Amino acid sequence: MSGAWRATIGAGSCGLAAGAAATRRALQNNAQILGIELQIVSTGCIGLCAREVLVELRGPDGVTWLYGEIAADKAAELLQRHVIQNEPWIERLLLRQGIAVHDADFWQWQKRRILARCGVIDPESLEQYRQLAGYVGLKKTLANPPHALLAAVGEAGLRGRGGAGFPTAQKWQSCRETPSDLRYVICNGDEGDPGAFMDRNLLEGDPHAVLEGMILAAYVVGAAQGLVYVRDEYPLAAKRMQRAIAAAREAGLLGENARGPGQPFDVELRRGAGAFVCGEETALIAAIEGERGIPQRRPPFPTERGLWKKPTSINNVETYANVSWIAAHGAAAFRSVGTERSPGTKIFSLAGDIARGGLVEVGMGTTIRQVVYAIGGGGRGGRSIKAVQIGGPSGGCLPATRFDTPIDFEALPGEGAIMGSGGLVVMDDTACMVDVARYFVGFLRDESCGRCSACRVGTLRMYEILTRICNGGGVLSDLDELQRLATAVGDLSACGLGRSAPNPVLSTLRWFRDEYLAHILEHRCPAGRCRTLTQFVIDPYLCDGCQRCWRQCGYGAIALLGRGVAMQIAGDVCGSCGGCRDVCGFGAVRVV
Amino acid sequence: MTLGRRKRLLCGGALPRLWAGSRPAWASAGGGGTVVAIETDFAGVARRALGRCPGDVVGVLQGIQAECGYLPGPALAEVAAQTGRSLAQLYGVISFYATFSLEKRGRVVIRVCQGTACHVRGAQRVTEALTQHLHIDPGQTTEDYEFTLETVACLGCCSLAPVLTVAGHTHGRSDGPRAVASLVQQHDHEEESW
């Protein structure tokens, strides 16, 4: 064997869920058996989650080869082919030395700026972060007075990446100018939007970039104490951040002289305990103070009166990573991508019924179509895409006809959605939009803190009406009732959760009214999702008799008539769960 | 008609017996990577948690739950006594957050992700398969305290939907049969951890 090989495994939460740990063990064992000198290292999420487990091989010649879909049982074959036979396994090869072989479009249309280090460096290594321009911006900034960076961030036009898009410099300015003996900076890592995982990946893949951003923010606003609030569902993100904090402390980046001689700054990690509303900044403060996470009326804003009644600047994980980038590269470079009013890039998590889901970073102003079709590769299994849900429970569903909308802070609200934190869930023709609206309203009903009656009772009533429609008991007047209720909930709620709670209902009523009407007037669910309204049949001309649906069915409703013979569904036993339709490779399972 | 978890307090729901006497000791039935309390000194557990993160009530409660698997009454009484909060105030905090449990849970906690992508990709079928297999509904624990079935807002592994965690280990691309198979695999987890 020639020299040492290195295998880098994408070991974010998604990689681990796909079996990265087993792959690592298999690579280790097989390398030993084959007599290969193989060093195995881990990195954060590489981005193309749809092809997990991702393994990058680097040979003694220094050329890197990124392979996809290397489950544990493929490890032996990978080493055999690539290392022993010295022939790349073309079918699974994604990138060769950064040049795309498969899924080229996924990489080509992206602007990976904030994610540049994610999936490249070992997230637990401060040394590797430094090698790739890490803490360079901090060094530059500390040589200048704090307002220099404030001016740079203002000039860059950085807007908060958590959803609302508030200008970061303005927030810092306010916190800085409020007279106080103590100030705090908080990193909001309570990424509660279902369907969003940008912040998790940044914390898992490049925690030092976030930490550097926090130190920079502390330098500008004059804070001596910082807190990172990571939600409970992200244990790995919390672990990696904790280690980054410890490493930074050891290196003297945190501690007594963090912001210059005699200017202390330290960061503490706090874990959330499972509450969506704690992503709202005043609720987050309440949670840190050990209270029920109920949002407070603003003003006073946290920058005037925040944690422990002291001025507090709260920014999102991705915002901090952007701050580090601006500090290192400057405002002009930052503005080179994006639109006039929404400069820079935005990270999106692409998931749902999409061919190539994953973590993507594009310039602001990129259209939904480019993200979904060019980068995401269109629908899963060639199915047609019906809608995208953008912005989580506060956002809305946009139909395929509106896919030319640019994604920035200005254009989306006009279409009834918001950019939110960056969750993009793609839905194909098997998703029922009434069911989706019900799902979000049900989520908000559970997560409403209960303070404002409109939100507490309104979400419950909307949920009841939507459930009735999904079960086929809806009447036409329900649609007006929904509209009225949704508007009332939005108008009469105090915090962002309640004010945006009607969006899923209003946007589906606006763009998918025909589906509501089909449920109410024709008692059918066009997508075959609402169970009481759905019956499936297997088309005998399309069925190949492969028995996949039979193995999938949890109801024992599929008759097994012999291999190669078309399957049949027994209607009275069938639970209409749609499992058979999802596994069918021939499109033979249809809604009656 | 159901009210959300958080609103029960506001609507005058009955308080559970936080102050009930200490529960009998229970021990683990073998490996599996879950945390199990063997001692009955719940007040001691609370004091240790208080020592680890003073001033962070949520953190203290998390510490107790990490050690005991749930929040036992005597431990809460100790927290209340030491922090100067009333039990009612503590219950207010506990009932607000989804992760806290006042009831003893199973050795292996299974959490099925309910995120948007998982919902679209069939999380309901995963829950159904587990319900059928374990004969418990979400939120319940098997009689032998082996399994607790829960739902969770979003685990952030949306590209691998539907997702579930078994004893802290995440499994992606699960469908009904695979979800059940993940339970069988749980014994392999200890050596598989990263």
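A, B, ... follow the sequence lines: proteins, then strands. Residue 1 opens every chain. This one's a predicted model, so the numbers in the text were calculated from it and none came from an experiment.
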Does A:Arg356 make a cation-pi contact with A:Phe106, if we ask for NZ or CZ under 6.0 Å from the ring centre and within 45° of the axis?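 Not satisfied by the 6.0 Å and 45° rule.
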
Give, as side chain, backbone, both or neither, the part of [X] having an atom under 4.5 angstrom from any heavy atom of chain B.
{"X": "A:Arg531", "value": "side chain"}
{"X": "A:Asp435", "value": "both"}
{"X": "A:Ile354", "value": "neither"}
{"X": "A:Cys278", "value": "side chain"}
{"X": "A:Arg200", "value": "side chain"}
{"X": "A:Ser13", "value": "both"}

Walk me through it: do A:Glu289 and A:Arg270 pass the test salt bridge (charged side-chain N to carboxylate O under 4.0 Å, His left out)? CA-CA 11 Å; A:Glu289 290 177 349; A:Arg270 290 290 176 91; over 6 Å; no

Please confirm whether the backbone N or O of B:Phe147 pairs with a side-chain atom of B:Thr142, one donor and one acceptor, at under 3.5 Å? yes

Please check this pair: side chain of B:Arg105 against backbone of B:Gly69, looking for a donor-acceptor N/O pair closer than 3.5 Å.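 It does hold such a pair.
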
Of the listed residues ([options]), which shares the most heavy-atom pairs with chain B below a 4.5 Å separation?
{"options": "A:Val436, A:Asp582, A:Val583", "result": "A:Asp582"}
{"options": "A:Cys45, A:Ala196, A:Pro235, A:Ala287", "result": "A:Ala287"}
{"options": "A:Phe443, A:Tyr439, A:Phe440, A:Phe197", "result": "A:Tyr439"}
{"options": "A:Arg231, A:Met198, A:Met427, A:Glu268", "result": "A:Arg231"}

Quick test of your reading of the model: are [X] and [Y] salt-bridged, counting only N-O distances below 4.0 Å?
{"X": "B:Glu128", "Y": "B:Arg125", "value": "no"}
{"X": "B:Glu78", "Y": "B:Arg47", "value": "yes"}
{"X": "A:Glu291", "Y": "B:Arg85", "value": "yes"}

Max heavy-atom pair count under 4.5 Å with chain A, selected residue of [options]:
{"options": "B:Thr116, B:Thr99, B:Thr170", "value": "B:Thr116"}
{"options": "B:Thr165, B:Val58, B:Leu160", "value": "B:Leu160"}
{"options": "B:Val57, B:Val93, B:Thr83", "value": "B:Val93"}

Reference residue A:Arg383; test side chain to side chain donor-acceptor pair (under 3.5 Å); the match among A:Asp353, A:Thr430, A:Asp429: A:Asp429

Okay, B:Val120 and chain A: the region with an atom under 4.5 Å from a heavy atom over there is both

Can you find a heavy atom in the side chain of B:Leu61 that is under 4.5 Å from one in the side chain of B:Leu76?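 The answer is yes, as the side chains (C-beta and beyond) meet within the 4.5 Å cut-off.
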
